[in-house]
Amino acid sequence: MAAALPKTYDPAATEARWQRAWEEAGAFHPDPAGPGEPFSVVIPPPNVTGSLHMGHGFETALIDTIVRFQRLQGKNVLCLPGTDHASIAVQTLLEKQLKAQGIPKEELGRDAFLEKAWSWKAESGGTIVGQLRRLGYSVDWQRERFTLDPGLNQAVVEAFLRLHDQGLIYRGEYLVNWCPASGSAVSDLEVEMKELEGHLWHFRYPLTDGPATGGSDHLVVATTRPETMLGDTGVAVHPDDPRYAALVGRTITLPLVGRAIPIVADEHVDPAFGTGCVKVTPAHDPNDFAIGQRHGLPLITVMAKDGTMNAAAGNFAGLDRFEARQAVVAAMEAGGFLVKVEPHRHSVPFSDRGKVPVEPLLSTQWFVRAEPLAARCREALDGGSPRFVPERWEKVYRDWLTDIRDWCISRQLWWGHRIPAWFVVSETGGVITEATPYVVARDAGEAHEKAETAYGEGSRAAGRELQLEQDPDVLDTWFSSGLWPFSTLGWPDPAAADLARWYPTSVLVTGFDIIFFWVARMTMLAGAMEPAGAGQNWMPFADVMIHGLVRDENNRKMSKSAGNGIDPLPLIERYGADALRFALVREVAGAGQDIRLDYDRDRGSSSTVEAARNFANKLWNATRFALMNLGGETPASLGAPDPERLQLADRWILSRLARVSDETAQRYGSYALGEAAKGLYEFAWNEVCDWTIELLKRRLNPRPAAEGEPLSPEALADQRTARQVLAQVLEQLLVLLHPLMPHLSEELWHGLTGAPESTFLALNPWPVPEPGALDAGLEDRFAELIEAIRVVRNLRAVAGLKPSQPAPVLFVTGRADLAATLSEATADITTLTRAESVTVLDPATAAARPAARALAAVSGELQVLLPLEGLVDLDALRARLEKDIAKATKEIQGLGGRLANPNFASKAPPEVVAECRANLAEAETQAALARQRLVDLGG
RNA sequence: GCCCGAUUAGCUCAGCGGUAGAGCGCCUGCCUUACAAGCAGGAUGUCGCUGGUUCGAAACCGGCAUCGGGCACCA
């Protein structure tokens with residue numbers, strides 16, 4: 001760093017330079033055999049669906065702050081980056097692109113489609129990695145992973161096999177959430193309920209055998225989905241409902257279809273809702289499916305997988321499901337079966353991705369038996385593992401693991417991990433049906449061996465040649481993401497060094513929106529795989545830090561579909577990555593659910609980030625000041641100051657530094673990152689810049705006693721002490737700030753220390769405070785000095801003195817210790833208040849002097865006087881004293897009231913009572929002194 | 001329906017049992033050779049409402065209100 005630094009910090013070049021230097025030096029590429037306690041984080045892999053928004057920037061800032069801190073603590077830190085293939089999201093996106101070009105994906109074919117997907121991945125993945133680099137992420141890029149990498153695919157296959165062998169994966173025909181838009185099954189979690197204004201249609205279903213004795217000849221059922229009536233196979237009533245008791249066991253004749261279907265009694269029916277009769281469509285509704293199971297009702301599917309009606313729908317075949325709804329209603333009305341239509345608000349399941357209503361549809365899929373896996377996780381949680389931060393998210397996680405439903409893991413998509421199951425199609429006439437036997441294997445060769453063993457002989461006996469076909473479907477993306485903490489470390493290779501060294505990981509940092517999708521899936525799969533070996537701790541992370549979601553300027557959740565994502569790059573370009581990181585982390589202190597970033601979309605500006613940029617600039621200038629005042633020396637060449645030579649201000653800032661260093665380490669270590677950032681901001685700006693640097697200026701630039709004379713040995717020694725203190729404080733401050741502002745701190749640290757380019761602050765040890773540096777009593781004394789200086793400055797402002805105009809300052813106090821502090825700091829007071837002279841008197845001596853016409857203020861037991869003959873504005877003076885009196889009076893009232901309460905003295909802790917008494921005495925003294933000043937002035 | 005949050009200065013948020021805080025914004029004065037992206041000084045709040053616990057409540061407990069989120073859903 002050159003001596004003549006520019007006045008403002010320009011982050012762009014600096015940040016790029018250090019990112020390159022770190023990476024080229026392999027600074028964040030740890031050796032599993034390296035020293036230090038292991039600390040590891042796998043980053044939540046962003047989807048390769050385009051680019052990152054501010055939410056990712058936020059998460060990155062959090063994770064990087066944590067891992068950089070741990071590195072400074074001397075740990076052997078691995079932070080592993082990567083991206084996720086996001087099966088359904090990417091496929092949807094690509095299909096949309098193809099559709100725009102008028103190419104159906106079937107025409108393109110699976111292989112060509114996958115080729116396109118891979119090139120998309122290269123592009124999007126590249127963009128994302130570029131963005132992460134630009135933030136200064138201290139991850140190990142040499143260990144970057146993608147969920148479809150061969151190694152990770154091997155993990156997926158292995159996991160599938162093991163789960164299948166344990167009976168935890170099964171295949172079968174069930175009602176699943178079918179997304180007609182993507183043409184695939186989706187899991188329960190990918191379904192979002194939306195409240196919609198719909199209708200409740202009441203249909204008359206005639207009894208097949210005419211009216212019961214004295215009863216009606218029909219039942220009335222109500223439905224929100226008329227088109228499904230074509231698949232009705234029953235009508236249900238509550239078993240205790242007297243209105244229909246006589247009808248149970250009889251049948252009705254389904255209008256439009258003509259099928260006779262039974263009336264069954266089922267507890268599920270709420271007799272108070274509607275007519276108390278429910279049409280039962282087991283193939284198109286989960287509740288009806290359950291009723292159907294209980295009563296042995298047949299399943300009739302009337303809809304095809306693209307959401308149109310199928311042949312079973314008779315005349316309605318070929319119609320889209322929503323067209324069919326209109327048509328069925330019209331037909332029912334025409335047939336006199338429509339009783340009435342009511343407006344009805346109800347929840348409709350929508351597909352997260354497809355943005356269309358999902359269709360409960362009967363289909364053959366693969367499932368993971370979730371309960372045994374969840375049980376293991378609940379048990380671990382009972383033992384406190386993992387530990388959630390903030391704690392309350394633990395309940396959310398636990399609730400989901402309780403009453404969990406099986407997980408549908410097959411997707412009718414192309415982009416993803418192919419299901420490692422081979423159907424022995426020769427057993428079922430060359431086609432795959434629900435009944436086709438299959439083998440699960442690591443590859444085609446193993447599949448053939450297994451099939452040969454199981455079916456070879458039988459086949460040949462039947463004169464058939466064994467014929468295998470791999471399941472065309474892929475696995476739910478979250479199945480591979482669920483293995484991420486160990487698949488990335490080399491599992492299932494038992495000899496993987498990274499796995500041995502860094503599994504389980506230390507902390508997972510993620511948003512509350514994917515606790516179920518991801519966190520729970522990882523713990524469940526890890527519990528089944530035991531990646532560290534049987535009997536070893538399998539829980540994939542010790543801690544789970546859950547953060548809030550970044551909202552846009554209108555307080556809405558950012559999402560791709562809403563198009564309201566804030567791109568971090570323009571903000572980084574404008575303010576610097578460090579400023580953005582600092583701003584984001586500083587906002588998170590409360591760990592609330594929302595992170596609001598104030599952002600002016602039109603101007604591309606943010607006052608929050610701007611404030612952080614200003615802070616960066618402040619640090620830049622503080623270091624600039626140091627470089628101009630250290631006489632060409634470095635912290636190392638200067639060495640530690642001689643304790644004998646330390647002045648009050650020196651001992652104060654060194655004590656504060658030691659305290660802040662401890663506090664900050666404690667905060668970083670417990671994920672209180674926002675508090676760490678706020679604490680450092682205040683310490684650096686207020687205590688280091690506003691007070692320490694201002695106080696050191698005089699000593700750093702000593703004036704000779706007379707013009708032209710050399711500096712005294714005393715002045716030179718003091719100058720050295722001042723340099724030592726400044727250098728030490730600044731160097732350590734940069735270390736403390738490094739996790740939050742890595743580039744700036746690295747740059748300034750090199751400037752300050754002159755360290756070679758190949759040495760990094762990023763790999764430096766956390767500062768160990770000088771023993772005995774902490775001194776609480778001294779900090780209190782110094783706080784009084786600061787207050788005294790403030791009072792003087794305020795008085796000068798009230799008097800309307802020009803800042804450059806010197807004026808005499810007189811302190812009067814009866815407290816010997818305070819008088820001593822003020823006397824010791826006379827030179828400092830002179831500098832900071834432009835004092836012409838500083839005099840400290842005790843009240844007796846002061847009383848003996850002729851009453852000066854002076855501006856006066858009273859703070860505690862300290863009177864501050866500015867004798868300003870001829871200049872004094874008496875009104876301003878009186879006003880100031882009145883203000884002091886009012887303040888003291890208010891305090892006397894409050895404290896007096898408390899002390900007057902006998903219960904307070906008897907029940908409150910003695911130290912609180914004592915403090916209260918002392919404060920009261922002080923306030924009374926203050927009020928008395930101020931009144932006396934008024935009298936002295938003839939007021 | 002069940003479960004979580006949130007409600008503090010104009011704005012964004014800390015504080016979680018001992019006399020209300022920060023940043024931004026606002027007002028006054030300063031280009032004081034580190035920094036005008038700055039310096040010094042200043043103003044600003046019945047801490048959502050309401051009961052209770054306590055010597056003492058912004059903080060702890062109960063109720064209410066408003067906003068937000070999650071889970072489950074009755075056709």
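Here is the naming used below: chain letters follow the sequence lines, and residue numbers restart at 1 for every chain. Values reported hereafter were calculated over all heavy atoms of this structure, with side chains retained and with hydrogens, waters and symmetry mates removed.
In this structure, A/R521 fails the cation-pi test against A/F516, since its NZ or CZ atom is not both closer than 6.0 Å to the six-membered ring centre and inside 45 degrees of the ring normal. A cation-pi arrangement is not found for A/R586 relative to A/W685, the charged atom failing to lie both closer than 6.0 Å to the ring centre and inside a 45° cone about the ring normal.
Comparing B/rC16 with B/rA57, their C1' atoms sit 10 Å apart, to the nearest whole Å. Here, B/rG10 and B/rU46 have their P atoms 7 Å apart, quoted to the whole Å. Rounded to a whole angstrom, the distance from the C1' atom of B/rG68 to that of B/rG25 is 26 Å. Here the separation of B/rG21 from B/rG5, taken at their P atoms, is 28 Å to the nearest Å. The same atom, C1', is picked in B/rA58 and in B/rU50; the two are 15 Å apart, to the nearest Å. Distance noted for atom P between B/rG51 and B/rG56: 16 Å (whole Å). B/rC64 and B/rA9 are spaced 26 Å apart, taking the C1' atom of each and rounding to whole Å. Only the P atoms considered, B/rU7 is 13 Å distant from B/rC49, to the nearest whole Å.
Phosphate proximity of B/rC39 to A/W685: present, with a side-chain N or O under 4.0 Å from OP1 or OP2. For the pair A/R624 and B/rC35, the criterion of a side-chain N or O lying under 4.0 Å from OP1 or OP2 is met. For A/K697 and B/rA34, the shortest distance from a side-chain N or O to OP1 or OP2 is below 4.0 Å. Within the 4.0 Å cut-off from OP1 or OP2 of B/rA36, at least one side-chain nitrogen or oxygen of A/K7 is found.
As judged by a 4.0 angstrom heavy-atom cut-off over every strand, A/K890 is placed among residues making no nucleic acid contact. Counting non-hydrogen atoms under 4.0 angstrom, A/C916 reaches nothing in the nucleic acid. A/A611 comes within contact range of the sugar-phosphate backbone alone, with a heavy-atom separation under 4.0 Å but no base atom that close. Nucleic acid contact for A/H344: sugar-phosphate only, since backbone atoms but no base atoms lie under 4.0 Å from a heavy atom of the residue. A/P909 comes within 4.0 angstrom of a base, heavy atoms only. Residue-level contact check: A/W201 touches neither bases nor backbone, having no heavy atom under 4.0 Å from any strand. A/N901 comes within 4.0 angstrom of sugar-phosphate atoms only, judged by non-hydrogen atoms across all strands, and of no base. Nucleic acid contact for A/V912: base, since at least one base atom lies under 4.0 Å from a heavy atom of the residue. Using a 4.0 Å heavy-atom criterion, one finds that A/H346 contacts the sugar-phosphate atoms exclusively. At a threshold of 4.0 angstrom between heavy atoms, the contacts of A/R405 are confined to the sugar-phosphate backbone, with no base atom among them. A/I693 comes within 4.0 angstrom of a nucleotide base, judged by non-hydrogen atoms across all strands. Among the heavy atoms of the strands, none lies under 4.0 Å from A/V913. Contact annotation for A/S347: base contact, defined as any heavy-atom pair under 4.0 Å involving a base atom. Within 4.0 Å of A/R790, counting heavy atoms only, lie sugar-phosphate atoms of the nucleic acid but no base atom.
In this entry the distance linking CG of A/N614 with C1' of B/rA22 reads 15 Å, nearest Å. For the pair A/L597 CG and B/rC13 P, the interatomic distance rounds to 10 Å; values are reported in whole Å. Computed from coordinates, the A/N686 CG to B/rG21 C1' distance equals 13 Å when rounded to whole Å. Following rounding to the nearest Å, A/L627 (CG) and B/rA34 (C1') show an atom-to-atom distance of 10 Å. The separation between A/L584 atom CG and B/rC13 atom C1' is 14 Å, rounded to whole Å. Rounded to whole Å, atom P of B/rC13 lies 11 Å from atom CZ of A/R551. One atom, CG of A/L673, and another, P of B/rA14, lie 14 Å apart when rounded to the nearest Å. In this structure, A/N903 places its CG atom 14 Å from P of B/rU53, rounding to the nearest Å.
In this structure, A/K618 and A/C689 approach most closely via the heavy-atom pair CE-CB, 3.6 Å. Between A/V864 and A/L795, the shortest heavy-atom contact is O-CD1, 3.6 Å.
Judged purely by atom type and a 3.5 angstrom limit, A/D600 uses its side chain to pair as donor or acceptor with the backbone of A/R603. Looking only at distances, no side-chain donor or acceptor of A/D232 sits under 3.5 Å from a matching main-chain atom of A/G234.
Listed candidates were B/rC13, B/rG70, B/rA34. Nearest to the side chain of A/F516 is B/rG70. For A/D690, the side-chain atoms get nearest to B/rA40 when compared with the rest of B/rA40, B/rC3, B/rG68. Here the side chain of A/V278 is nearest to one of B/rA34, B/rA75, B/rC30, namely B/rA75. If you check B/rA22, B/rC73, B/rC30 against the side chain of A/E682, the one that comes closest is B/rA22. The listed nucleotides are B/rU12, B/rG23, B/rG70; the one nearest the side chain of A/Y681 is B/rG23. Comparing B/rC55, B/rU32, B/rG38 against the side chain of A/R834 picks out B/rU32 as the nearest. For A/V269, the side-chain atoms get nearest to B/rA75 when compared with the rest of B/rA75, B/rA37, B/rC3. Nearest nucleotide to the side chain of A/R596, out of B/rC35, B/rC13, B/rA34: B/rC13. Listed nucleotides B/rC55, B/rC73, B/rA75 differ in distance to A/A908; the shortest reach to its side chain belongs to B/rC55. The A/T8 side chain lies nearest to B/rA37 when the options are B/rA75, B/rC13, B/rA37.
Judged by closest nucleotide on RNA chain B, A/V688 is the one of A/V348 and A/V688 placed further toward the 5' end.
A/T281 and A/K279 share a side-chain donor-acceptor pair at under 3.5 Å.
Counting distance only, with no hydrogens placed and no angle test, the side-chain atoms of A/R793 and the base atoms of B/rA40 include no donor-acceptor pair under 3.5 Å. Side chain A/K618 to base B/rC35: a donor-acceptor pair is found below 3.5 Å. The base of B/rA34 sits within donor-acceptor range of the side chain of A/E694, with an N or O pair under 3.5 Å. Contact of A/S906 with B/rC55 (side chain to base): no donor-acceptor pair of N or O atoms is detected under 3.5 Å.
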Could you spell out the base pairing of RNA chain B in dot-bracket, with Watson-Crick or G-U pairs whose two distances are under 3.5 Å, [ ] crossing and | to another strand? ((((((((.[[[[.)..(..]]]].(((((.......))))).....[[[[[..)....]]]]])))))))....

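The existence of a salt bridge linking A/E394 and A/R392 is excluded, since no basic side-chain nitrogen approaches an acidic carboxylate oxygen closer than 4.0 Å.
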Show me the side-chain donor-acceptor pairs of residues 892-905 of chain A shorter than 3.5 Å, one per line, residues at least two apart or across chains.
from   : atom 1 : to     : atom 2 : distance (Å)
A/N901 : OD1    : A/N903 : N      : 2.9

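Aromatic ring pairs are classed by plane angle as parallel below 30°, tilted from 30° to 60° and perpendicular above 60°; the pair A/F512 and A/W393 is parallel.
Counting non-hydrogen atoms of other residues, nucleotides and ligands closer than 6.0 Å to CZ of A/R601 gives a total above 12.
Ring centroid separation for the pair A/F615 and A/Y681 comes in under the 6.0 Å cut-off.
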